[in-house]
Amino acid sequence: NLISLNLYMKHVMTEKNKSNKMWGGRFNAGPDALMEEINASVDFDKRLYKQDIEGSQVHASMLAKQGIIDKKEADLICDGLSKISLEIEMDEFTFSKSLEDIHMNVEARLSEIIGDVAGKLHTARSRNDQVALDFRMWVRDQIDLCTIELRKLIEIFLNQAELYDGLLMPGFTHMQTAQPVTWSHHMMAYVEMFGRDLDRFKDARLRMNECPLGGAALAGTSFPIDRDYTSKKLGFDRPTANSLDSTSDRDFALEFLSSSAICAMHLSRFSEELVIWSSSQFNFVNISEKFSSGSSIMPQKKNPDAAELIRAKSSRINGSLVAFLTMMKGLPLTYSKDMQEDKEQVFDAADTLLLSLAAMGGMVRELTPNKDVLEKATSKGFSTATDLADWLVKNVNVPFRKAHKITGEIVKIAETQGCELKDLKLKEMQRVCNEINNDIYTVLSIKNSVNSRDSYGGTSPKEVRKQIAMWKKKISK
């Protein structure tokens with residue numbers, strides 16, 4: 001152990017010398033080993049390398065266009081950065097913790113490749129606006145990936161809705177049978193949820209699409225830079241308007257986390273339903289073996305593990321959002337090192353959400369509802385009681401509250417006799433309200449109940465088909 005410690009300290013001292021070349025002019029000594037350990041972020045922020053290199057190449061081109069550096073120097077810088085990008089992609093790049101982050105690692109390697117000209121790249125730029133740019137571009141890329149996956153998921157739910165058109169199932173409130181609905185209507189409820197998620201991501205992308213490059217450390221720069229040029233080249237709508245805000249803003253990441261947390265919550269809600277529905281007590285659905293697991297001791301088990309894991313992973317995204325909000329809430333303007341803690345939360349949330357979206361898509365694509373079980377369950381629990389009350393309002397001309405009371409008494413009779421409302425004899429209902437006639441049985445039919453719910457957004461198959469057509473058109477744009 002002592003030999004290992006000595007070797008480690010020797011390595012640390014060697015690495016210190018490297019770090020001093022990058023920023024150590026102000027310091028007489030290198031950082032303590034523990035300081036290096038807590039200060040380094042390259043182990044995780046190396047994921048920003050594509051954005052860092054692209055941003056640096058555009059920055060170098062802008063410096064040359066503005067006459068701040070020579071065009072040949074800019075070309076040399078851009079070529080060197082392309083070589084570094086290839087090295088990283090080919091896993092031939094050596095990352096150094098002593099160089100702290102991806103930005104300094106890239107710049108140090110650029111110096112090795114092209115010499116002192118590399119030092120001109122950082123003209124009119126700070127790591128503060130550099131990291132703000134890289135991180136914003138990375139989050140923007142993740143939003144684009146999330147929108148792609150959400151579109152796919154919506155299409156899968158639409159397919160489920162179309163495939164089992166008209167399939168009856170019970171609707172629930174408080175996990176108690178409430179009213180009959182259709183499978184398609186239930187699937188379309190999640191289409192609406194994921195559609196809102198899609199809009200939230202798109203809306204966040206519009207708001208975040210401003211370029212912070214040029215904010216420099218916090219006050220802008222005295223060099224004659226062209227921020228409109230760099231913004232356009234990097235795919236932004238415009239440059240950010242305040243240099244203080246440019247380097248300190250992380251709202252874009254918070255909005256991404258917030259949108260991700262809401263989306264994960266929707267995934268978790270359907271996961272919970274799948275866990276319940278696939279149980280032997282319900283047996284509403286069959287989850288594919290591809291997304292299930294067995295037990296090491298109970299041979300009969302088929303566990304809905306994919307659904308349970310998606311349900312659990314939402315907590316990680318929630319945690320990332322809360323951690324990020326807590327980290328930001330006490331920070332004065334502008335940049336503080338606390339903000340180095342922002343990336344791991346966002347990286348993990350993005351990975352978790354993309355995996356959850358893909359897993360949910362695969363699971364729903366393979367999902368099979370058990371038709372006979374669903375339709376049988378729909379006729380239980382007095383699910384047409386509201387239809388009976390509505391019939392009383394329409395045909396007996398009583399206020400709904402009185403109709404509600406009459407219906408409740410009839411339900412109690414059916415419950416006592418151990419039968420459903422449609423099986424209750426007319427004379428039993430007339431004991432409560434003598435104006436009830438044989439026409440009542442038309443509304444006690446499950447199918448008639450569902451078909452009658454044809455108000456906009458209702459569960460009738462005709463109305464649901466309209467919603468499916470609308471969404472198919474919307475998602476194709």
Side-chain angles (χ1 to χ4, degrees), residues 14-25 30-31 36-37 39-64 68-70 72-142 211-217 221 225 230 233-235 246-247 335 337 339-340 342-344 346-347:
T14 302
E15 294 293 299
K16 279 180 184 178
N17 293 332
K18 291 182 184 178
S19 65
N20 285 343
K21 291 178 184 177
M22 303 307 296
W23 57 264
E36 280 197 353
E37 188 66 25
N39 194 44
S41 60
V42 71
D43 284 348
F44 53 86
D45 70 18
K46 60 187 177 184
R47 293 184 66 165
L48 301 174
Y49 82 90
K50 286 184 179 179
Q51 292 77 18
D52 190 70
I53 288 172
E54 183 183 357
S56 292
Q57 287 176 324
V58 169
H59 182 67
S61 298
M62 181 276 296
L63 292 176
I68 299 171
I69 65 173
D70 187 78
K72 289 183 179 179
E73 294 173 327
D75 290 342
L76 190 63
I77 289 170
C78 289
D79 288 344
L81 289 169
S82 293
K83 290 178 183 177
I84 293 170
S85 181
L86 186 61
E87 287 179 356
I88 295 174
E89 288 169 7
M90 299 294 290
D91 200 23
E92 296 173 354
F93 187 93
T94 302
F95 292 97
S96 171
K97 264 192 175 183
S98 69
L99 294 172
E100 298 181 16
D101 54 34
I102 183 62
H103 323 294
M104 301 303 276
N105 270 266
V106 169
E107 187 174 332
R109 177 61 181 143
L110 187 63
S111 295
E112 292 175 353
I113 295 173
I114 67 172
D116 290 343
V117 175
K120 294 192 175 185
L121 173 60
H122 213 53
T123 307
R125 186 177 73 169
S126 163
R127 271 194 296 178
N128 292 355
D129 62 339
Q130 186 179 359
V131 68
L133 170 70
D134 296 355
F135 195 24
R136 192 176 290 240
M137 289 173 66
W138 191 89
V139 170
R140 186 177 64 181
D141 290 343
Q142 299 309 298
C211 183
L213 188 61
T221 178
I225 60 173
T230 49
K233 286 289 185 181
L234 292 169
S246 299
T247 57
Y335 183 81
K337 197 68 172 182
M339 293 163 88
Q340 183 168 288
D342 56 7
K343 292 164 204 65
E344 286 181 283
V346 175
F347 291 164

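Start at 1 with the first residue, then count along the sequence. The shown structure was predicted, so the numbers you read here are calculated from the model rather than taken from an experiment.
- Proximity of a side-chain donor or acceptor of Glu73 to a complementary backbone N or O of Asp70 within less than 3.5 Å is detected.
- The two residues Arg47 and Trp138 have their closest heavy-atom pair at NH2-CZ2, 3.6 Å.
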**Message:** One pair to check against side chain to side chain contact (heavy atoms under 4.5 Å, CB included): Glu100 and Arg127. What are the steps and the verdict?
**Reply:** CA-CA 12 Å; Glu100 298 181 16; Arg127 271 194 296 178; 2.9 Å; yes
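- Residues Val58 and Leu213 have side chains not in contact (no heavy-atom distance under 4.5 Å, counting atoms from C-beta outward).
- Rounded to the nearest 0.5 angstrom, Arg109 CZ and Ile88 CD1 are separated by 10.0 Å.
- Taking the side chain as every heavy atom from C-beta outward, Leu63 and Lys120 never approach each other to under 4.5 Å.
- Taking both residues in full, the closest heavy atoms of Gly80 and Ile114 are given as CA-CG2, 4.4 Å, listed atom of the first, atom of the second, then distance.
- Closest of all the heavy-atom pairs between Leu121 and Ala60 is CD1-CB, 4.0 Å.
- For the ring pair (Phe, Tyr, Trp, His ring centres under 6.0 Å) condition, no pair includes a residue of residues 39-60, sequence neighbours left out.
- Contact annotation: the side chain of Val42 never approaches that of Leu99 to less than 4.5 Å [non-hydrogen atoms, C-beta and beyond].
- Two residues are said to be in side-chain contact when any heavy atoms from C-beta on lie closer than 4.5 Å; Val346 and Gln142 fail this criterion.
- When every heavy atom of Leu133 is checked against every heavy atom of Gly55, the shortest pair comes out as CD2-CA, 3.9 Å.
- In this structure, the side chain of Arg140 engages the main chain of Gly235 through a donor-acceptor pair within 3.5 Å.
- Scanning both residues, Tyr335 and Gln340, for their nearest heavy atoms gives OH-N, 4.0 Å.
- Contact record, Ile225 with Thr221: CD1-CG2, 3.5 Å, taken as the closest heavy-atom pair.
- Remark: side-chain polar atoms of Asp129 are paired, donor with acceptor, to backbone N or O of Ala216 under 3.5 angstrom.
- Not a single donor-acceptor pair under 3.5 Å links the side chain of Ser85 to the backbone N or O of Leu81.
- Residue Lys72 qualifies as open at atom NZ: its count of foreign heavy atoms under 6.0 Å is 12 or below.
- Going from atom NE2 of His122 over to atom CD1 of Ile77 covers 12.5 Å, rounded to the nearest 0.5 Å.
- Between Pro212 and Thr247, every side-chain heavy-atom pair lies at or beyond the 4.5 Å cut-off.
- The ring pair (Phe, Tyr, Trp, His ring centres under 6.0 Å) check on Phe95 picks up Phe93, with sequence neighbours excluded.
- Summarising the geometry, atom NZ belonging to Lys97 is positioned 10.5 Å from atom OG belonging to Ser41; distances are rounded to the nearest 0.5 Å.
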**Message:** Between Lys50 and Asp141, does the salt bridge (Lys or Arg N to Asp or Glu O under 4.0 Å) criterion hold? Intermediate values first, please.
**Reply:** CA-CA 11 Å; Lys50 286 184 179 179; Asp141 290 343; over 6 Å; no
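- Looking at Ser56 and Glu107, their side chains never bring a donor and an acceptor atom within 3.5 Å of each other.
- With a 4.5 Å cut-off on side-chain heavy atoms, Leu234 and Glu54 count as touching.
- When atom types are taken as modelled, the side chain of Asp52 and the backbone of His103 share no donor-acceptor pair closer than 3.5 angstrom.
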